[in-house]
Amino acid sequence: MNALPQPVVELIAALRRLPGVGPRSAERMALHVVQGGDGDVAEALSAALLHAVKTVTTCERCGALTEAQPCAFCADTRRDGATLCVVERATDILSIEKSGTYRGRYHVLGGRIAPLDGVGPEELRIGELVQRLEPEGVREIILALTADVEGDATGHYLAKVLAGRGVRVSRVAQGLPAGTGLDFADELTLSRAIEGRREMT
Ligand SMILES: [Zn+2]
């Protein structure tokens with residue numbers, strides 16, 4: 001027999017599907033919610049969850065998270081439209097924005113080439129990237145990919161695809177922690193990495 005009522009067990013199981021939530025914290029959260037220790041936390045949480053899921057989508061142009069089409073980055077005329085920073089995930093944009101040094105626009109690939117996980121170039125938003133070059137007058141592409149084997153492979157593939165299309169392709173300087181993505185790179189490391197970008201040949 002389980003010591004907890006079945007609905008609580010199900011709530012714990014649902015919470016554990018979230019990244020970074022282990023069994024103990026899931027149990028603590030679930031018990032906090034059902035015991036009503038925090039007023040109407042359950043109602044506020046479920047309303048906010050549904051609202052966010054219903055209203056937030058990805059920008060059709062760049063792939064950033066947004067409520068409107070196009071997103072605020074694509075719509076902002078003060079940003080330099082001739083420069084695109086290519087990232088793996090929409091959340092990488094937040095890290096680069098925090099560094100405060102980048103004033104161009106973005107393009108989210110939606111992952112990176114990882115043959116062992118069955119992710120090939122056709123699964124990524126590479127065709128969409130190429131289609132943006134001419135209409136938006138893109139002259140420079142900065143690849144801000146993770147510094148590991150798969151990030152390198154993706155970078156080289158993109159450099160090949162973009163060669164001969166009249167855009168300068170550079171890659172942010174090494175220094176991003178391998179395998180952890182941009183989430184964990186501190187702001188100073190990131191702005192130095194962007195400033196010290198090297199052209200790919
Ligand atoms: Zn956008």
Side-chain angles (χ1 to χ4, degrees), residues 18-19 48-114 119-147 150-151 153-173 176 180-187 189-195 197 199-200:
L18 297 169
L49 257 174
L50 286 177
H51 180 69
V53 169
K54 272 191 202 143
T55 55
V56 177
T57 173
T58 52
C59 174
E60 284 160 9
R61 199 179 300 173
C62 74
L65 294 174
T66 182
E67 274 185 278
Q69 293 294 348
C71 73
F73 299 117
C74 290
D76 187 348
T77 51
R78 289 164 303 175
R79 295 190 84 106
D80 171 20
T83 309
L84 291 185
C85 180
V86 174
V87 293
E88 292 169 19
R89 297 161 306 167
T91 48
D92 293 334
I93 294 176
L94 307 179
S95 309
I96 294 176
E97 283 299 297
K98 267 192 250 163
S99 79
T101 40
Y102 181 67
R103 298 299 303 155
R105 298 216 169 102
Y106 291 98
H107 190 85
V108 180
L109 287 179
R112 57 210 169 127
I113 299 171
V119 182
E122 58 287 346
E123 264 81 44
L124 305 176
R125 299 179 67 250
I126 295 173
E128 287 90 334
L129 172 64
V130 172
Q131 277 168 17
R132 292 181 66 184
L133 303 181
E134 249 190 60
E136 295 182 40
V138 177
R139 288 195 299 275
E140 181 177 9
I141 289 187
I142 302 170
L143 304 177
L145 307 169
T146 313
E150 289 168 348
T154 309
H156 286 296
Y157 181 86
L158 284 172
K160 223 167 60 189
V161 169
L162 297 167
R165 294 183 189 269
V167 287
R168 202 169 90 101
V169 181
S170 59
R171 177 144 189 211
V172 298
L176 301 183
T180 53
L182 295 180
D183 281 354
F184 299 96
D186 68 77
E187 288 146 37
T189 311
L190 258 178
S191 50
R192 279 191 189 143
I194 294 171
E195 278 159 16
R197 64 186 180 270
E199 189 157 357
M200 294 183 79

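One-based numbering, in listed order, for ligands and for the atoms of each. Throughout, numbering of the chain's residues begins at 1 and tracks the sequence.
- Counting heavy atoms from C-beta on, the side chains of Q69 and C59 come closer than 4.5 Å.
- Panel note: side chain H107, backbone R125; a donor-acceptor pair is recorded below 3.5 Å.
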**Request:** Kindly determine whether R79 and E97 satisfy salt bridge (charged side-chain N to carboxylate O under 4.0 Å, His left out), including the steps that lead there.
**Result:** CA-CA 12 Å; R79 295 190 84 106; E97 283 299 297; 2.7 Å; yes

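- Taking distances strictly below 2.8 Å, the protein N/O/S atoms close to the Zn ion (ligand 1) are C59 SG, C62 SG, C71 SG, C74 SG.
- Listed for the Y102 side chain is a donor-acceptor partner under 3.5 Å among the backbone atoms of C85.
- Taking OG1 from T154 and CG from L124, the interatomic distance works out to 6.5 Å, rounded to the nearest 0.5 Å.
- With a 4.5 Å cut-off on side-chain heavy atoms, E88 and E150 do not count as touching.
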